[in-house]
Amino acid sequence: MSDNVKETLGFQAEVKQLLQLMIHSLYSHKEIFVRELCSNAADAADKLRFEALGDGALYENDPELKIWIKADKEAKTLTIRDNGIGMNRQEVIEHIGTIAKSGTKEFFGKLTGDQQKDAQLIGQFGVGFYSSFIVADRVTLTTRRAGLAKEHGVRWESEGAGEYSIETVEKATRGTEVVLHMKEDEAEFLEEWRLKTIIRQYSDHIAIPIVFINDKGEEETVNKANALWARSKNDITEDEYKAFYQHVGHDYEDPLAWTHARVEGRQDYTVLLYVPTHAPFDLWDREAKTGVKLYVKRVFIMEDARKLMPAYLRFMRGVIDAADLPLNVSREILQQTKDMEMIRAGCVKKALDLLDDLAENRQDDYAKVWANFGEVLKEGVGEDMANKDRIAKLLRFRSTTSDEPTVSLADYLGRMKAGQDAIYYVTADTLAAAKASPHLEIFRKKGIEVLLLTDRVDEWLVSHLFEFDGKPLASVAKGDLDLSAVKSDEGDKTEEEAPKAEEAKALIERLQEALKDAVKEVRVSHRLVDSPACLVTGEHDMSGHLARMMKAMGQTAPESKPILEINVGHALIKRLDGEEGEHFGALAKLVFDQAVLLDGGQLADPAGFVKRMNTLLGAA
């Protein structure tokens, strides 16, 4: 279809749903549409500045970047205009007609129908341009991309229902103009005092002038129009810091904490970083580029959290403004310079300093950080070797002494028993499964704390975190176990009660033969107190839990047989020792199957297991 023909197109399904949700849920936050549209205009100015570094003609003899706002009470329209980069036809369709956001499906899945809760979720997701429809029953957007001729302007219009129209028009100036045709009951947003108040509250920090045009055509700059991060910390109020976060984080909740510093040395730069109160919807998208913006001498260069922050800090929001980086090189080359590496390292240090401070001095707030971002922080142990020890101090776990994830490794060390030489942990799919693991029985008897690891990332974590403060981390389900140096809380009768392996040698040999296709070895357990048997992996073998996770993700896990440990003092094992022939083989398989289930595994022959169990119960 020809570009000058007016087309009527349908919104992406998610856009339709979001528009309806916003119109009905954000009734108590209507004014955010001003902030969102001003933020979009400021972003367009940033992008023009960057592209004009390589092509000054894009300014079209109009280098003074501004945002203009004009209210027309008679026409009941509010116009917000900028002379930023603008958009071409395809960009309008991509940016206005669709939501190209990771986490979109998850976002809609979390909606409850409760307006207050849904309003909070919508705010977390980021509403942007669509917030216009909270107060307008029709929106007209006219835009032209810098560098294109005037006949390549684009007009987009919609009533926020299911469709929008798009056509090619003439537009003499570059940039974007958004006209909101206000709803009958939204006249307050056409009042000069109301608009100025909103701008000063939400957009005062925007670094280009926001100019209000009154009824007489007189222009007045409403905001301070300077880069907040470039100002002295002493001159910035707490409310200004919060408002700037809402701009840079596209959030309408306050941040949990922030750090603002000017670094001088081989590289001079200013960094302002925020920790959000809640997890953004693209948290699990490791390719997400939003988060931290890089400026050079207040000229926007890029927004790419992967290059400015390591992946495990991708939840951070903020800006980095460097004084000495070259402006005349590509983003790709800039990312690879040693100067950029130094700035990145310095910013990571500032981010970790902020998290350290929260962990030590604001523990309730750090608990929120951990609830939202703990699994992401765990990735850093394997990704950032230079800061591995610092990240390890920030880790929090559940344990056999705490159902809440409040236990630090330092806390654990402080509670270690006399004679204990390792930090013990168990991995499982759920907290209930971890707490029910038979491998914990001897640890409970001896009063030894065990960390309960139930996040999917935990297997990755322990494969990179071998020790902490000189104490090795050890799985309760791996290798040999010797706790003889630790006295039991119930009195140390373990050695007296534990039958010697030599006495069980004949039984072990029979079991080894009966289960030779399923197990690598059968041995007497030093872990079990109440259970008849459990599975253990070799010291250097992949854990059964990790192998199952890999298979669930469609990956190939190395094949290795488990070790079966038996509690020869248990009644079932004693009965097994008295069986012969087929009965012995059936009962041996039953004991093994029970151990598989307790380990969180799946049975190869569930029907056979049920048959053997019924036979056993029938003979009881």
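None of the values given here were measured: they were computed from a predicted structure. Only heavy atoms go into these numbers, but all of them, side chains included; no hydrogens, no water, no symmetry mates.
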| task | Give the C-alpha distance, both sets of side-chain angles, the deciding distance and a yes or no for side chain to side chain contact (heavy atoms under 4.5 Å, CB included) between Val369 and Leu256. | result | CA-CA 8 Å; Val369 172; Leu256 195 63; 3.3 Å; yes
| Do Ile563 and Val522 come close enough that some side-chain heavy atom pair is under 4.5 Å? | no
| query | Where the side chain of Lys516 meets the backbone of Leu511, is there a donor-acceptor pair that is under 3.5 Å apart? | reply | no
| Residues two or more places apart in sequence or in another chain: which of them pass ring-ring contact (aromatic ring centres under 6.0 Å, His included) with Phe443? | Tyr424
| For the residue pair Asp403 and Leu431, what are the closest heavy atoms and their distance? | O-CD2, 4.3 Å
| task | Return yes if a side-chain donor-acceptor contact under 3.5 Å exists between Asp384 and Tyr312, otherwise no. | result | yes
| query | With a 4.5 Å limit on heavy-atom distance, are the side chains of Glu449 and Val407 in contact? | reply | yes
| field | Residues Arg390 and Asp353 bridged, charged N to O under 4.0 Å | value | yes
| message | Set out, in order, the CA-CA distance, both residues' side-chain angles and the distance that settles side chain to side chain contact (heavy atoms under 4.5 Å, CB included) for Ile442 and Leu528, then state yes or no. | response | CA-CA 6 Å; Ile442 190 62; Leu528 299 175; over 6 Å; no
| Does a sphere of radius 6.0 Å around NZ in Lys478 hold more than 12 heavy atoms from other residues, nucleotides or ligands, not counting ones at 6.0 Å or beyond? | yes
| Would one find more than 12 heavy atoms of other residues, nucleotides or ligands at under 6.0 Å from atom NZ of Lys393? | no
| message | Just verifying a value: how many Å separate Leu535 CG and Leu598 CG, rounded to the nearest 0.5 Å? | response | 8.5 Å
| said: Between Gln512 and Leu564, is the side chain to side chain contact (heavy atoms under 4.5 Å, CB included) condition met? List the steps. | reply: CA-CA 9 Å; Gln512 186 81 56; Leu564 178 68; over 6 Å; no
| field | Gln246 CD to Asp254 CG distance, which is reported to the nearest 0.5 Å | value | 5.5 Å
| So how far is it from Asn567 CG to Leu572 CG, rounded to the nearest 0.5 Å? | 10.0 Å
| Out of Leu590, Ile573, Val568, Ile566, which one pairs with Pro532 under the side chain to side chain contact (heavy atoms under 4.5 Å, CB included) rule? | Ile573
| remark: Scanning both residues in full, the closest heavy-atom pair of Tyr366 with Leu377 reads OH-CD1, 4.1 Å
| Less than 4.0 Å between a side-chain N and a carboxylate O, is that true for Asp593 and Arg612? | yes
| task | Answer yes or no: is there an ion pair linking Arg456 with Asp429, defined by an N-O contact shorter than 4.0 Å? | result | no
| More than 12 heavy atoms of other groups within 6.0 Å of Glu539 CD | yes
| Side-chain heavy atoms of Ile423 within contact of Leu451, under 4.5 Å | yes
| field | Non-neighbouring partners of Phe315 that pass ring-ring contact (aromatic ring centres under 6.0 Å, His included), sequence neighbours left out | value | Phe373
| message | With a 3.5 Å distance limit and no angle check, can you tell me whether Ser531 reaches the backbone of Ala533 through a side-chain donor-acceptor pair? | response | no
| query | Under a 4.5 Å cut-off applied to non-hydrogen side-chain atoms, are Thr454 and Thr427 in contact? | reply | no
| Given side chains that start at C-beta, do those of Val348 and Pro310 come closer than 4.5 Å, heavy atoms only? | yes
| Given side chains that start at C-beta, do those of Lys242 and Pro255 come closer than 4.5 Å, heavy atoms only? | yes
| message | Looking at Lys388, I want to see if its NZ is surrounded by more than 12 non-hydrogen atoms of other residues, nucleotides or ligands under 6.0 Å. | response | yes
| field | Donor-acceptor under 3.5 Å (Arg527 side chain, Val476 main chain) | value | yes
| field | Residue Asn361 excluded, over 12 heavy atoms near CG under 6.0 Å | value | yes
| said: With a 3.5 Å distance limit and no angle check, can you tell me whether Ser402 reaches the backbone of Ser399 through a side-chain donor-acceptor pair? | reply: no
| task | Let me see the working for Arg415 and Thr401 under side chain to side chain contact (heavy atoms under 4.5 Å, CB included), right down to the final yes or no. | result | CA-CA 10 Å; Arg415 294 195 288 262; Thr401 66; 3.9 Å; yes
| field | Non-neighbouring partners of His260 that pass ring-ring contact (aromatic ring centres under 6.0 Å, His included), sequence neighbours left out | value | Tyr241
| query | Any side-chain heavy atom of Leu409 within less than 4.5 Å of one from Lys471? | reply | no
| message | Using every non-hydrogen atom in the two residues, find where Asp482 and Ser484 come nearest and quote the distance to one decimal. | response | OD1-OG, 2.7 Å
| note | Tightest non-hydrogen contact, residues Gly601 and Leu597, listed as O-CD2, 4.0 Å
| query | Side chains of Leu272 and Tyr245: closer than 4.5 Å at any heavy-atom pair? | reply | no
| message | Tell me whether Arg510 forms a cation-pi arrangement with Phe584, defined as NZ or CZ under 6.0 Å from the six-membered ring centre and within 45 degrees of its axis. | response | yes
| CD1 on Ile391 to CD on Glu383, rounded to 0.5 Å | 8.5 Å
| remark: The reported gap from NZ in Lys446 to CD in Glu441 (rounded to nearest 0.5 angstrom) is 14.0 Å
| query | Does Lys378 come within less than 4.0 Å of Asp455, counting only side-chain N to carboxylate O? | reply | yes
| Between Gly479 and Arg523, what is the shortest heavy-atom contact and its length? | O-NH2, 3.1 Å
| note | Interatomic distance, NZ@Lys574 vs CG@Leu507, rounded to 0.5 Å, equals 12.5 Å
| note | Closest non-hydrogen atoms of Met416 and Ala422, given as atom of the first, atom of the second and distance, are CE-O, 3.8 Å
| query | Does a side-chain N-to-carboxylate-O contact under 4.0 Å join Arg398 and Glu404? | reply | no
| His464, NE2: over 12 other non-hydrogen atoms inside 6.0 angstrom | yes
